[in-house]
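Quantities reported herein were computed from a predicted structural model and do not represent experimental measurements.
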Amino acid sequence: MRSPWVAALVLLAGLSGTAGAQNVGRLPQATIALLPPVTHSVPATASTTARRTTYDTYYAPAPLSATPQQESTGPLLSDTSATNVLPGGHSTTAVHQPAPSAEARSAYSAWAGCEGALEKSGWSECDACNMDCGAHCGSGWFGTTGAVILTRNRGPAQVMTYQSGTSTPLMTLQAANAGWTGGGEVTLGYAFGGYTDNTGPWGALGANTGTALAFTWWGTGEMNGFAQVDDTTGVAATALDASFNVSGITINGNPFSYYFEDASSQRIYRSDIVNSAEINLLGGTLFSSERLQVIGLAGFRYFRFSEDLAFGSASFGNDWDDLDETAFVRFRSLNNLYGAQLGTIFNFNFNPEWSLFFIPKAGIYGNEMTVNSRIYSGNGDVGYDFTDDKSDVAFLGQIDTGINCHFRSNVYGYVGYRFVGAANVALGDNQFAPSLGDLKQSGSLILHGAFLGLGWLF
């Protein structure tokens, strides 16, 4: 009785297994039909590609990729009009990258360092802030820090020492020429319109420059000069005489001529210090092209020049170690110039990293002058001490020229040469004649030298 039931169960199980196998075989076929076909072809590229071959950055159609082989079913990946359907109803559509607008292309300048052009160098920060490369990522603040190496023009060729009893000159003021000295330079400013093409030697220079405010200070250490002449004969008649005489003055109970006529040795030393502080408003672009930008500036400046000039003499038969037998005529002059200035910034771009700048500035200033005249001995005995003050008009101009280089989109370096000229200032060289005590301000000062530094866009 059990045999027929067992045979029936075995037959039923066999039929169920066959149906299950057929269903399992159909499932992956339905899923594969929904996926896009695999196409072994060159990936599609964007329709436009940024290229930089010279200064100009231009956009040209990218070369078309090789046409992939079409398979029997499914759309081509490079066909932008087709949509690939994925499981779950999601779809992706290939979209060509549009070329930048004409406005974005014309706003490009080398100092802006358009991130699209610098992208291949790894300088790009544009993607995170502005996809059109029209502005830098930053707060608007900028600054520079650097160094200056300056000297000044030679003093007048005024003779200070003659051979006694003759008209043979032995030493002039030019012999104590001021040497080269180092100093520092700092700029801090703010670009009100942000960093749209606002970079350069002042941190705010380029095409389409908006208004910016910049404060700059630079100064030097002591520019020192020294000269000395000695009597080699040991005979008073052929010793050294000063070119001037001051009557009615005694030093250590001795007249002026005791130290400065028939002297054994005479010397000149000077020490000059310069400081300059200015605040300028950069008022926008006067002229702008892809290679040349011209920016106007107006501001207020304080310029300070101090000088310490001394002429010393050792009486006949003595040297500088005997302080009672040495005497000095010393002038300490100070010029404080305050005034407005106007200027222009010229910037010529060689390429997106390098540019040449030229910055002339000039103004009319009020000059508060002070000169202290003093005659004293080496041991400190004072025979004459008088200070005179005076106010007058002075003229000041400055020219900076040099080269900028962008290391990164927000970091640049600069190196250049500086000329500063001031007229109608009180210099120690002018105080010796014709008399002591009355301040003389007809001097002219020229400073010149190199400067260099680094700038940041914050």
Side-chain angles (χ1 to χ4, degrees), residues 155-179 222-273 306-334 370-388 426-440:
Q158 179 177 337
V159 178
M160 300 301 296
T161 302
Y162 289 98
Q163 185 174 329
S164 294
T166 72
S167 59
T168 303
L170 298 179
M171 184 171 62
T172 70
L173 285 171
Q174 287 186 345
N177 193 35
E222 295 181 354
M223 292 179 281
N224 297 317
F226 178 82
Q228 180 173 314
V229 61
D230 300 303
D231 172 58
T232 59
T233 65
V235 179
T238 57
L240 312 175
D241 286 347
S243 61
F244 62 97
N245 185 33
V246 182
S247 60
I249 291 178
T250 60
I251 311 167
N252 286 330
N254 300 312
F256 183 88
S257 59
Y258 174 81
Y259 299 94
F260 292 91
E261 293 182 7
D262 297 330
S264 294
S265 180
Q266 293 185 343
R267 61 175 51 166
I268 306 171
Y269 71 86
R270 74 171 73 240
S271 179
D272 302 337
I273 300 176
S306 61
E307 182 174 47
D308 190 348
L309 178 66
F311 176 76
S313 184
S315 61
F316 183 75
N318 297 281
D319 57 30
W320 298 101
D321 293 330
D322 190 348
L323 300 182
D324 291 334
E325 299 297 325
T326 62
F328 300 86
V329 179
R330 184 177 184 181
F331 301 104
R332 287 181 289 181
S333 60
L334 178 64
T370 301
V371 173
N372 174 256
S373 305
R374 196 163 183 252
I375 301 176
Y376 60 99
S377 67
N379 63 11
D381 183 72
V382 178
Y384 180 85
D385 192 351
F386 183 77
T387 300
D388 192 14
L427 303 178
D429 304 279
N430 305 123
Q431 310 303 318
F432 285 100
S435 61
L436 296 180
D438 58 327
L439 186 151
K440 307 167 189 69

Would you check if there is a donor-acceptor pair between the side chains of D308 and S271 at a distance under 3.5 Å?
no

Can a donor-acceptor pair be found between the side chains of S265 and D230 at a distance below 3.5 Å?
yes

When rounded to the nearest 0.5 angstrom, what is the spacing between [atom1] in [X] and [atom2] in [Y]?
{"X": "D241", "Y": "S257", "atom1": "CG", "atom2": "OG", "result": "10.0 Å"}
{"X": "L173", "Y": "T161", "atom1": "CG", "atom2": "OG1", "result": "9.5 Å"}
{"X": "I273", "Y": "N224", "atom1": "CD1", "atom2": "CG", "result": "8.5 Å"}
{"X": "L334", "Y": "N372", "atom1": "CG", "atom2": "CG", "result": "11.0 Å"}
{"X": "I251", "Y": "D324", "atom1": "CD1", "atom2": "CG", "result": "12.0 Å"}
{"X": "R332", "Y": "Q431", "atom1": "CZ", "atom2": "CD", "result": "13.5 Å"}

Counterpart residues, salt bridge (charged side-chain N to carboxylate O under 4.0 Å, His left out), relative to R374 (two or more places apart):
D385

Would you please name every residue forming a salt bridge (charged side-chain N to carboxylate O under 4.0 Å, His left out) with D438, sequence neighbours left out?
K440

Locate the shortest heavy-atom distance separating [X] from [Y]; write the atom from each residue and the value.
{"X": "A426", "Y": "S333", "value": "O-OG, 3.5 Å"}
{"X": "S264", "Y": "G317", "value": "OG-N, 2.5 Å"}
{"X": "A227", "Y": "A176", "value": "CB-N, 3.8 Å"}

Look only at the side chain of [X] and the backbone of [Y], and say whether a donor-acceptor pair between them is shorter than 3.5 Å.
{"X": "S164", "Y": "L240", "value": "yes"}
{"X": "D319", "Y": "D321", "value": "yes"}
{"X": "S243", "Y": "V159", "value": "yes"}
{"X": "Q174", "Y": "G155", "value": "yes"}
{"X": "D262", "Y": "F316", "value": "no"}

With heavy-atom distances below 4.5 Å as the criterion, would you say the side chains of [X] and [Y] are in contact?
{"X": "T238", "Y": "Q163", "result": "yes"}
{"X": "Q266", "Y": "M160", "result": "no"}
{"X": "N318", "Y": "T326", "result": "no"}
{"X": "Q158", "Y": "D429", "result": "no"}

Mind telling me whether F432 and F311 have parallel, tilted or perpendicular rings, with 30° and 60° as the class edges?
perpendicular

If the plane angle is over 60° it's perpendicular, under 30° parallel, otherwise tilted; pick one for F256 and F260.
parallel

Are F328 and Y259 an aromatic pair, judged by ring center distance below 6.0 Å?
no

Run the ring-centre check on Y269 versus F226 and record whether the distance is less than 6.0 Å.
no

Go through V329 and F331 one step at a time and tell me if the side-chain contact (heavy atoms from CB on, under 4.5 Å) criterion holds.
CA-CA 7 Å; V329 179; F331 301 104; 3.8 Å; yes

